Amino acid sequence: MKIIAPSVLSADFGHLADDLQMINRSKADWLHVDVMDGTFVPNISFGFPLMEPMRKYCTKPLDVHLMIVHPEKYVERFCDAGAWSVGFHLEAVDDPMPILDMIKAKNVRTCLTINPDIDVKRLIPYLDQVDMVLLMSVFAGFGGQKFIPETMDKIRFIKEEIEYRRLKTLIEIDGGVNTQNAAELFAAGADALVAGSAVFGAPDPEEAIRIMKK
Ligand code: DX5
Ligand code: ZN
């Protein structure tokens, strides 16, 4: 699968509806929604008040990435606010299972995420429990960072495990994705690529999306 999920974090919030209409017209598959709490990550982005206009103006599924402590307190509200998938960080919780169950009970797709310094093997026990795993290819917190090359081997490792067990779990990559490395990431086994600055910072964002999907 070759899914492109532009990250709204890099959009122009003064003209959000325009940027969302561009996404609607484009070949993008999902809109990636980065929620940061200033505690799990050293940055604060936005929360529920922006879910409403995004759901209203965006025709693409909302792929919500929670970079927050205590995701158990908020996952249900994000489901109710119109999330198509809800992901949270494995390293932010003691036991992800009850939180995954809360999301599943809302009939929303589940995603488990890890930062680059978390051993990718920690995802293995959950591969058959989630719809998707998200490997961060930069440290969560900011857009516009440089892709960490070690991510490539992690993708291959997880892909092999998923295929060996004949699972349908998707692999999403987030951070430093651009028109230069997208093809290589898909070839390594990624199913979905998040791209913020490479889309919204491009002279022609729709063209950038098209190139990444190729
Ligand atoms: C980083 C976020 C990413 C970010 C990606 O914490 O999770 O989704 O928006 O931005 P780029 O594509 O610019 O690295
Ligand atoms: Zn993200």
Side-chain angles (χ1 to χ4, degrees), residues 3-13 16 19-20 22-23 26 28-47 50-51 54 58 60-69 71 74-75 78 83-92 109-118 123 130-152 154-155 170-186 190-203 205-209 211-213:
I3 291 163
I4 298 293
S7 168
V8 74
L9 188 64
S10 296
D12 177 353
F13 288 100
L16 183 59
D19 278 3
L20 294 178
M22 179 280 289
I23 295 296
S26 79
D29 300 275
W30 304 337
L31 183 72
H32 186 78
V33 178
D34 285 308
V35 177
M36 304 179 186
D37 67 353
T39 300
F40 181 70
V41 288
N43 196 14
I44 299 177
S45 57
F46 51 78
L50 274 192
M51 286 295 288
M54 287 195 282
C58 189
K60 312 271 171 156
L62 303 181
D63 172 40
V64 174
H65 175 194
L66 300 178
M67 286 160 273
I68 65 173
V69 296
Y74 300 106
V75 289
F78 278 100
W84 183 85
S85 68
V86 171
F88 60 92
H89 279 255
L90 178 59
E91 67 271 30
R109 287 148 202 85
T110 52
C111 177
L112 258 188
T113 304
I114 52 166
N115 257 310
D117 60 342
I118 303 300
L123 288 173
V130 295
D131 295 294
M132 183 156 75
V133 288
L134 188 163
L135 306 179
M136 290 302 303
S137 38
V138 301
F139 280 87
F142 301 90
Q145 303 179 74
K146 214 173 141 288
F147 181 83
I148 298 173
E150 285 74 23
T151 314
M152 301 302 300
K154 296 181 186 178
I155 301 172
L170 300 181
I171 301 175
E172 185 174 32
I173 304 302
D174 185 2
V177 173
N178 54 43
T179 52
Q180 320 292 317
N181 59 15
E184 197 187 346
L185 287 161
F186 282 132
D191 300 287
L193 303 180
V194 175
S197 44
V199 168
F200 290 99
E206 286 182 67
E207 177 65 8
I209 293 166
I211 294 169
M212 283 188 253
K213 257 186 101 76

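Below, all heavy atoms of this structure are taken into account, side chains as well, without hydrogens, waters or symmetry copies. In listed order, ligands and their atoms are each counted from 1. Please read these numbers as outputs of a predicted model, since none were measured by experiment.
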Distance filter under 4.0 Å to [X] heavy atoms, resulting ligand 1 atoms:
| X | value |
| --- | --- |
| Gly175 | 14 (O) |
| His32 | 8 (O) |
| Met67 | 6 (O), 7 (O) |
| Met136 | 7 (O) |
| Met36 | 6 (O) |
| Ala195 | 12 (O) |
| Val194 | 8 (O) |
| Leu9 | 9 (O) |

Just to confirm my output: which protein heavy-atom neighbour is closest to [atom], and how far is it?
| atom | answer |
| --- | --- |
| atom 6 (O) of ligand 1 | Gly141 N, 2.7 Å |
| atom 12 (O) of ligand 1 | Gly196 N, 2.7 Å |
| atom 5 (C) of ligand 1 | Asp174 OD1, 3.6 Å |
| atom 10 (O) of ligand 1 | Gly143 CA, 3.5 Å |
| atom 13 (O) of ligand 1 | Ser197 OG, 2.5 Å |
| atom 14 (O) of ligand 1 | Gly176 N, 2.8 Å |
| atom 1 (C) of ligand 1 | Phe142 O, 3.6 Å |
| atom 4 (C) of ligand 1 | Asp34 OD2, 3.7 Å |

Practice problem: Mind telling me whether His89 and His65 have parallel, tilted or perpendicular rings, with 30° and 60° as the class edges? | Solution: parallel

**Q.** From Ile23, Val194, Asp29, residue fulfilling side-chain contact (heavy atoms from CB on, under 4.5 Å) relative to Pro6
**A.**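 So the option named by the test is Ile23.
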
From the list Asp191, Leu185, Leu193, Leu134, side-chain contact (heavy atoms from CB on, under 4.5 Å) with Ile171 holds only for Asp191

| field | Close side-chain approach of Leu50 and Val33, heavy atoms under 4.5 Å | value | no

| message | Atom CZ of residue position Phe200 - does it have more than 12 heavy atoms of other residues, nucleotides or ligands inside 6.0 Å? | response |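 Buried by this count: over 12 neighbours within 6.0 Å.
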
Restricting His65 to its N/O/S atoms, the closest one to the Zn ion (ligand 2) is ND1

Exercise. With the Zn ion (ligand 2) as the point of reference, which N/O/S atom of His32 is the closest?
Worked result: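 It is NE2, the N, O or S atom of His32 closest to the Zn ion (ligand 2).
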
Would you confirm whether [X], through its side chain, and [Y], through its main-chain N or O, come within 3.5 Å as a donor-acceptor pair?
| X | Y | result |
| --- | --- | --- |
| Asn181 | Asn178 | yes |
| Asp174 | Met136 | no |
| Asp37 | Phe40 | yes |
| Glu91 | Asn115 | yes |
| Ser26 | Glu206 | no |
| Asn43 | Gly141 | yes |
| Thr179 | Ile211 | no |

Q) What do you reckon, does Gly144 have a nitrogen or oxygen under 3.5 Å from a nitrogen or oxygen of ligand 1? A)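 Yes - when backbone and side-chain N and O of Gly144 are compared with those of ligand 1, one distance drops under 3.5 Å.
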
| query | Any N or O of His65 that comes nearer than 3.5 Å to an N or O of ligand 1? | reply |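 Yes.
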
dist Asp34:CG -> Phe142:CZ (nearest 0.5 Å) comes out at 12.0 Å

For OD1 in Asp34 and OD2 in Asp174, the angle at the Zn ion (ligand 2) (nearest 10°) is 170°

